[in-house]
Number of protein chains: 2
Amino acid sequence: MVVSLAEIRRTSGEVFVEGCPTRVVLDHIMSKWGVLVLLALTDGTLRWGELRREVQGISEKMLASTLRTLEADGLVVRTSYPEVPPRVEYALTDLGRELMERMLPLVEWVAVHAEEIVPAGA
Amino acid sequence: MVVSLAEIRRTSGEVFVEGCPTRVVLDHIMSKWGVLVLLALTDGTLRWGELRREVQGISEKMLASTLRTLEADGLVVRTSYPEVPPRVEYALTDLGRELMERMLPLVEWVAVHAEEIVPAGA
DNA sequence: TGGGTAGCTTACCTGAAAGTGGGTACCCTC
DNA sequence: GAGGGTACCCACTTTCAGGTAAGCTACCCA
């Protein structure tokens, strides 16, 4: 599939206009923690504690707010089991999985080329 | 090409470790203005003024610093012609074009689904 | 009685990102 | 000689993403 910028413009109007939905969604999923949380969930369903450990360096506050944003966007589902101790599971929705199908090749490319891109040491 | 998270882990070590090159590069290219500048340059070579107009809402300061970051990463080339008035052109490098090949499908998908993702009004 | 666990929320605060407004240099046109 | 265009840079200010730390629920264990 060859995608051109012109095509994007045609389908979605203006990507370059401030405050358009495309920019908002991009801000959510391309945010520092958004990518990493989505990435972690690509593996499969994870619990709160597992996510914390998986996404190294994220604070509880940021994990909570990132998850809430992605849930509101319909990319992630939260399932809570009223047990003791409480158990809550997070997983990608169909939409989220569709998204990650497009995101993974990008992340993989970045992972492969990261060392040659980042000036040594920085 | 099916890419799994496990594969990414294998090729690049830990995406989830703080301060690793992959996270740094992701921060550059997935930043608010980084994506939009790269996107604008996908069309072809652009001059400073054209970029400003294309990427609606970017300030001169942010445009300058975004371009400097992307140039340092080897994703964008700056060519200046010592004319009067000065003329400077920005374009993607081969690396940048490779990157955008992976980024465009993602952005296109987001553009198509943005309206259904963002809760009406937000 | 007290500690432990899981999954959060709230309040507070800081530091980096981003916006604002000015300045520079050079030449051209009016 | 006033004003405008191009491509910036710098200092100042504001905003907000993000970090820190505490508290809370509700049960179990000892």
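Proteins get letters first, then strands, A, B, ... in listed order; numbering begins at 1 in each. Side-chain atoms are counted along with the backbone in the values below, which use heavy atoms only and exclude waters and symmetry mates.
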> Can a side chain N or O of B/Arg68 be found less than 4.0 Å away from OP1 or OP2 on D/dC9?
Replying inline: yes

> Hey, does A/Arg52 reach any base, or is it just sugar-phosphate, or nothing, if we go heavy atoms under 4.0 Å?
Replying inline: nothing

> Could you state the CG-P distance from B/Leu63 to D/dC9, rounded to the nearest angstrom?
Replying inline: 11 Å

> Atom CG of B/Leu36 to atom C1' of C/dA17: distance rounded to whole Å?
Replying inline: 16 Å

>> Minimum heavy-atom separation for B/Met103 and B/Ile29, please, with both atom names.
In response: CE-O, 4.0 Å

>> Keeping A/Thr93 on the side-chain end and A/Leu75 on the backbone end, is there a donor-acceptor pair under 3.5 Å?
In response: yes

>> Using a 4.0 Å heavy-atom cut-off to protein, can you give one letter per nucleotide of nucleotides 17-26 of chain D, 5' to 3': B if the base is in contact, S if only the sugar-phosphate is, - if neither?
In response: -BBB------

>> How close do A/Leu106 and B/Met30 get, counting heavy atoms only, and between which atoms?
In response: CD2-SD, 4.1 Å

> Residues in side chain to side chain donor-acceptor pair (under 3.5 Å) with B/Arg47, at least two apart?
Replying inline: none

> Rounding to a whole Å, what distance do you find between A/Glu71:CD and C/dC8:P?
Replying inline: 9 Å

> Looking only at side-chain N and O atoms, does A/Arg47 come under 4.0 Å of OP1 or OP2 in C/dG7?
Replying inline: yes

>> Can you list everything that forms a side chain to side chain donor-acceptor pair (under 3.5 Å) with A/Glu60? Sequence neighbours excluded, please.
In response: A/Arg52

>> Heavy atoms only, 4.0 Å cut-off, all strands: where does B/Tyr81 land among base, sugar-phosphate and nothing?
In response: nothing

> Is the shortest side-chain N/O distance from B/Arg78 to OP1 or OP2 of D/dC8 below 4.0 Å?
Replying inline: yes

> Once you round it to whole Å, what is the distance between P of D/dA7 and CG of B/Leu67?
Replying inline: 12 Å

> So, does B/Arg78 use its side chain to make a donor-acceptor pair with the main chain of B/Glu71 at under 3.5 Å?
Replying inline: no

